[in-house]
Amino acid sequence: MPIRTQVAIVGAGPAGLVLAQLLHLRGIDSVVIENRSRSYVEQRIRAGVLEHGTTDLLTDAGVGERMHREGMVHNGVELLFDGEGHRIAFDELAGKGIMVYGQHEVVKDLIAARLATGRPLYFEVSDVVVDPAAAVVRFVHDGQPVELRADYIAGCDGFHGVCRPAIADLTVFEREYPFAWLGILAQAAPSSHELIYAYSPRGFALHSMRSPTVTRNYLQVAPDEDLDEWPDERIWSELRARLDRHGGFTLTDGPILEKGVTTMRSFVVEPMQHGRLFLAGDAAHIVPPTGAKGLNLAVADVKVLADALELFYVKGSDSGLAAYSTTCLRRVWRVQHFSWWMTSMLHRSRDGDPFEQQLQLSQLRYVVSSRAAATSLAENYVGLPLPG
Ligand code: FAD
Ligand code: PHB
């Protein structure tokens, strides 16, 4: 069965769904296809920090109502090392804060908005094949083969998708880290008003949250860590040890709702476009989660793409589309640097290199004692302005 649209969007994660909404608001037609089920994507626990520019964009796109009601505005984070906590005050240093609101909640809001437009969003498609030159996407839906013909394809299908491999001549930049994060979601009230990034001799830990009754915590572990070695009690006692400070710290625990190990990598492909296929979000780049940037970078890409497509359809100019990759990559590399820097400063290497540890401590002391250094962290964390 052939279908025709202006933009074929592969993937209903944050990148694909935000793009679909931005295009709808500009009167541009799209079809979104997703290989998972609606309930799977709505329950997939991932990022939790939204930059200021991301919340503004979601608000302007008409999908911010629940986020403003249920999300938590944070005006700083704490860096904990040598038994002392140091607050980095985002509002004072960068003039803005961040929003703590789960990625799966953003996805739920975007799916509801998409369905309300009446425009197509197909879940549980299979056998997806993209042709970047012809801008054709073939897939199977409800047992029927479908041929989707478009002007352009947006490859928003994440790191393991099919769009990036459809491009032959890509330059890959990559770094793997010798550690991973063991993440838990727990039915427990947050033990701090703001996120705590802890540098400890036992390894990095992060105390984060999703709501006044649900916390999200992470521990630095080995990349090949076996989850079976981590019964709940060991996780809580390790979190307590790493988050401990002079004067003590009380970590509220509770039933663990979900746990998993996430490997960490930095990854970029250049260019982010080939023929009529444009890659956006994790399909084109991955950052280690220490800077809380993955989702925000995906949103920044599709903002650039939506503006470029609008220029094409409304003014007939392809200059925005021609500049897409260059425009996106400027931000991608800034965010790559920030995420690598936060990761390098906060994680202990396995071999316990004493020289590296002294450098990390020196950097941490500098960040919390120099207004200039703290401002640099703050403005990157809350997010540099979105292009356009
Ligand atoms: P995705 O969210 O991956 O969306 C891609 C979508 O495409 C998915 O729904 C997928 O099912 C679909 N898809 C894949 N293949 C196909 C296909 N062939 N056809 C159709 N659809 C397809 N960032 C943080 O800042 N903090 C975190 O704690 C954090 N944790 C993470 C944990 C994990 C396990 C992962 C994988 C990522 C995490 N990230 C985190 C990163 C952040 O979640 C991503 O950067 C963000 O999801 C990027 O959005 P996206 O839309 O580009 O990609
Ligand atoms: C999260 O809440 O999941 C989270 C917060 C900050 C990060 C990474 C993940 O840097």
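Excluded from the calculations below are hydrogen atoms, water molecules and symmetry mates; all remaining heavy atoms, backbone and side chain alike, are included. Here the structure is a predicted model, which means the values were calculated and not measured. Read the numbers this way: they start at 1 and go in the same order the structure lists the ligands and their atoms.
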Any protein heavy atom < 4.0 Å from atom 39 (N) of ligand 1: no
Ligand 2-proximal atoms of Val100, by part, heavy-atom distance under 4.0 Å: neither
Which segment of Arg210 sits under 4.0 Å of ligand 2 when only heavy atoms are counted: side chain
Lys303, Lys293, Lys96 screened by salt bridge (Lys or Arg N to Asp or Glu O under 4.0 Å) with Glu51, the one that passes: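 Testing Glu51 for a salt bridge (Lys or Arg N to Asp or Glu O under 4.0 Å) against Lys303, Lys293, Lys96 leaves exactly one candidate, Lys293.
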Numbered atoms of ligand 2 (with element) below 4.0 Å of Arg46, judged on heavy atoms: 3 (O)
Arg149 bridged to Glu147 by N-O distance under 4.0 Å: yes
Arg36 with Glu124: basic N within carboxylate O range, under 4.0 Å: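 No, no charged N to carboxylate O under 4.0 Å.
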Donor-acceptor pair, side chain of Arg164 and main chain of Ala283, under 3.5 angstrom: yes
Side-chain donor/acceptor of Arg138 to backbone N/O of Asp127, under 3.5 Å: no
Polar side chain donor-acceptor pair, Ser344 to Tyr177, under 3.5 angstrom: no
Contact check, Met342 vs ligand 2, heavy-atom distance below 4.0 Å: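 The answer is no, since Met342 has no heavy atom less than 4.0 Å from ligand 2.
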Checking a contact table here: which protein heavy atom is nearest [atom], and how many Å away?
atom: atom 10 (C) of ligand 1; value: Glu34 OE2, 3.5 Å
atom: atom 6 (C) of ligand 2; value: Tyr197 OH, 3.2 Å
atom: atom 8 (C) of ligand 2; value: Pro289 O, 3.3 Å

Location of contacts on Lys293 toward ligand 1, heavy atoms closer than 4.0 Å: backbone
Which segment of Phe159 sits under 4.0 Å of ligand 1 when only heavy atoms are counted: neither
Heteroatom distance test (Asp282, ligand 1): nitrogen or oxygen, under 3.5 angstrom: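 Min N/O separation from ligand 1 is below 3.5 Å for Asp282.
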Side-chain hydrophobic cluster, 4.5 Å single linkage: members besides Leu182: Leu80, Ile184, Ile196, Leu219, Val221, Leu227, Trp230, Ile235, Trp236, Leu239, Leu243, Phe249, Leu251, Ile256, Val261
